[in-house]
There are 2 protein chains.
Amino acid sequence: MTTINDIARLANVSRSTVSRHLNKNGYVSQEAQERIDKVIKETGYLPSQSAQSLRTKKTGVVGVILPKISTETASRVVDGINQVLQENDYQMLLTQTLLQKEKEIAFIKLLQSRNVDGIILLGTNTDEALVEEIQKADVPVVVLGQEMPGTTSIHYPDYKATAEMISYMIDKGYRDISFIGVAEDDPAVGIMRKEAYLATLKQHNLPFLAERIAYGDFSIDSGYHAMETIMNQTTKPDAVFVVTDNMAVGAMQYLKENHYHIPEDIGIATTGVSRLSKYIEPVLTTIDFRNEEAGTAITRLLMEQLNGYKKTKKLTHTYRRLSGNSL
Amino acid sequence: MTTINDIARLANVSRSTVSRHLNKNGYVSQEAQERIDKVIKETGYLPSQSAQSLRTKKTGVVGVILPKISTETASRVVDGINQVLQENDYQMLLTQTLLQKEKEIAFIKLLQSRNVDGIILLGTNTDEALVEEIQKADVPVVVLGQEMPGTTSIHYPDYKATAEMISYMIDKGYRDISFIGVAEDDPAVGIMRKEAYLATLKQHNLPFLAERIAYGDFSIDSGYHAMETIMNQTTKPDAVFVVTDNMAVGAMQYLKENHYHIPEDIGIATTGVSRLSKYIEPVLTTIDFRNEEAGTAITRLLMEQLNGYKKTKKLTHTYRRLSGNSL
DNA sequence: TACGAAAGTGGAATCGATTCCATATCGAAT
DNA sequence: ATTCGATATGGAATCGATTCCACTTTCGTA
């Protein structure tokens with residue numbers, strides 16, 4: 001590796017001069033600039049980020065913590081994040097928790113020791129310990145997907161969107177709607193969406209049956225089994241709302257294997273739009289949270305913080321409903 | 001930020017002693033260890049990666065260069081990569097080229113200036129300039145998806161798998177198979193797969209018609225238009241092989257919009273298995289390159305190199321065919 | 001002609017770690 | 001009693017940059 005000292009020596013200047021030239025601050029004569037540029041080109045010199053960031057406390061790296069990259073939702077968010085980071089000359093250090101909550105905290109620490117300039121967390125919970133760790137952090141942390149106390153965050157309109165979808169299903173004529181949710185340690189997906197489901201049924205004076213609800217853990221498999229549980233009851237629902245697309249895939253698989261027709265025998269709706277779901281039968285009716293835009297939005301908020309903006313902001317992301325023929 | 005100097009001062013030892021304790025090399029008395037541990041716990045001290053890597057020339061970070069993260073193929077590979085990296089306490093710096101070739105070279109440089117310990121490149125071409133840049137790199141670079149001269153790489157069995165799929169289609173009774181490919185600057189996907197298609201037709205004494213071939217650029221849209229081009233000819237094929245799943249989605253969209261039935265009017269086969277494609281009609285017949293395993297495999301090769309193994313290895317990844325009802 | 005500001009440059013300290021080397025203590029073996 | 005190896009510790013150099021400061025030269029203007 002060639003270093004700034006090599007460049008200085010070869011160009012017959014001091015390393016202060018090289019640095020001044022590279023950073024375009026201070027005075028450097030035309031001739032010196034040319035000699036330096038020439039040597040840099042010849043050697044292919046690249047400044048060491050480690051050394052630079054030791055001095056400047058800036059790495060140009062943003063840490064991203066997410067549950068699992070190979071889901072359509074997450075990878076779209078990452079696309080959005082990456083877009084804004086690239087515009088601002090930041091790189092992305094990516095970590096996956098695989099839904100182990102303790103890893104979120106561990107990664108916040110780890111990323112800081114890696115001297116990232118900021119952290120974007122795709123949130124799955126708002127546990128006390130996590131909130132605390134975020135407060136303690138000495139770099140800005142922004143959160144997407146949960147309303148995190150005391151932290152700049154963007155959350156999805158979980159309640160509103162779910163309520164609207166359930167209403168829509170009722171308008172379509174469904175009267176016995178079942179629900180596949182997730183555990184309640186996820187406030188956004190676990191609590192808000194379920195509450196919206198329950199409240200909307202009530203509002204329309206529809207009865208609520210405990211056996212119409214089953215839970216999964218975000219995986220396809222768990223969606224399959226939740227659907228199975230629901231359909232194994234003595235009476236069967238005429239529709240199902242699944243809180244995540246991944247679980248909806250599992251639910252559909254169960255329905256298909258057991259020869260239920262969608263939407264004649266049972267209607268299905270979910271959140272999250274898949275690349276494929278538009279093109280293949282049945283076209284899923286879903287709530288599209290426009291994850292890519294959410295990714296760019298949360299990253300812009302982080303950029304604001306990196307540029308010195310201090311106040312915490314809370315935003316709600318927008319969404320749209322995509323109508324397919326699964327209802 | 002607390003530094004090693006703070007720890008040393010608070011624990012009443014020199015910073016050499018703290019370092020020795022942290023790295024478990026050299027002698028440190030029991031009492032000193034305890035005092036140091038206590039102070040570290042109290043302060044929440046984390047060593048600065050920048051400083052460490054400036055001294056040790058190791059960052060514990062691996063750079064990953066890929067075309068686009070929000071594709072099923074890429075995100076599955078990343079999953080595999082991440083798994084092995086995590087096992088080995090490495091983090092991942094992720095970059096996207098969005099299929100701009102010059103960015104591959106730019107990122108190789110950039111990642112080096114960020115002092116990554118190694119680079120994993122999901123290859124899209126084997127251009128001279130790229131090969132050169134890889135040779136020049138002073139960290140190990142491994143490549144997935146292309147057979148890169150002089151570099152450790154794993155490539156997919158593009159020729160064999162494609163030939164086998166075309167044969168399978170012929171066995172199924174299709175006699176007029178069309179082909180949606182990509183530009184030939186991608187040796188693996190652009191050249192090998194097309195050659196396999198042509199050779200297999202010839203081998204079965206089937207005629208080849210130039211108008212049965214169209215090209216896309218990996219995007220859904222381009223698959224749509226390629227399919228459109230093919231179906232707008234005076235005679236129509238009875239099947240199509242699409243070289244990537246993303247383009248296959250576009251092709252299917254075209255077929256669906258124009259009321260062709262799959263597989264009655266036209267059969268379709270592709271590579272790459274989507275989470276969804278198994279569950280929704282029609283179930284796609286595809287070549288599954290098992291991207292996640294490919295990701296773990298290439299990462300293990302990189303780990304070997306990081307541990308001092310010098311020789312370059314060339315491996316071919318395995319695959320399997322998944323039969324659906326799209327043929 | 002003189003003087004102060006602008007232009008140009010290098011020296012040295014610094015960031016936060018690691019690591020080599022010198023030094024000191026102590027117990028065991030000769 | 002002396003010596004030697006093991007244990008324990010701190011000092012100082014170093015990694016590759018940035019940045020402050022001091023110093024010199026140049027130049028326009030009073």
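The chains referred to below are lettered A, B, ... by the order of the sequence lines, with proteins before strands, and numbering in each begins at 1. Only this structure's heavy atoms are used, side chains among them; waters, hydrogens and symmetry mates stay out.
Contacts of B:Ser48 with the nucleic acid, taken as non-hydrogen atoms under 4.0 Å apart, involve only primed sugar atoms and P, OP1 or OP2. Using a 4.0 Å heavy-atom distance criterion, A:Val18 is classed as making no nucleic acid contact.
For B:Gln52, whose side chain is taken as the heavy atoms from C-beta onward, the closest listed nucleotide among C:dG10, D:dG16, C:dT18 is C:dT18. With C:dA13, C:dA17, D:dT9 as the candidates, the nucleotide lying closest to the side chain of B:Ser29 is D:dT9. Looking at the side chain of A:Thr3, the nearest of the listed nucleotides C:dG10, D:dA17, D:dG10 is D:dA17. Comparing atom distances between the B:Leu54 side chain and each of D:dT18, D:dC15, C:dT9 picks out D:dC15 as nearest. Residue A:Pro47 places its side chain closer to D:dA17 than to any other of D:dC15, D:dA17, D:dA12. The side chain of B:Arg20 has D:dT9 as its nearest neighbour among D:dT9, C:dT18, C:dT9. Distance from the side chain of B:Val28 is smallest for D:dT9 among the nucleotides C:dT18, C:dG8, D:dT9. Considering only side-chain atoms of A:Ala51, the nucleotide from D:dG16, D:dT9, D:dT18 that sits closest is D:dG16. Proximity note for B:Asn23 (side chain, C-beta onward) versus C:dT18, C:dA17, D:dG10: the nearest is C:dT18. Comparing C:dA6, D:dA12, D:dG16 by their nearest atom to the side chain of A:Tyr27 picks out C:dA6.
The side chain of B:Lys57 contributes an N or O atom lying less than 4.0 Å from OP1 or OP2 of D:dG16. Between B:Ser14 and the phosphate of D:dG11, there is no side-chain N or O to OP1/OP2 separation shorter than 4.0 Å.
Salt bridge annotation for A:Glu72-A:Arg76: present, with a cationic side-chain nitrogen under 4.0 angstrom from a carboxylate oxygen. Under the 4.0 Å criterion applied to side-chain N and carboxylate O atoms, B:Glu42 and B:Lys38 are assigned as salt-bridge partners. Using a 4.0 Å cut-off between charged nitrogen and carboxylate oxygen, B:Glu133 and B:Lys136 count as a salt-bridge pair.
Looking only at atom types and distance, the side chain of B:Asp186 has no donor-acceptor partner in the side chain of B:Thr124 under 3.5 Å away.
B:Gln91 contributes no side-chain N or O that, together with a main-chain N or O of A:Thr95, makes up a donor-acceptor pair within less than 3.5 Å.
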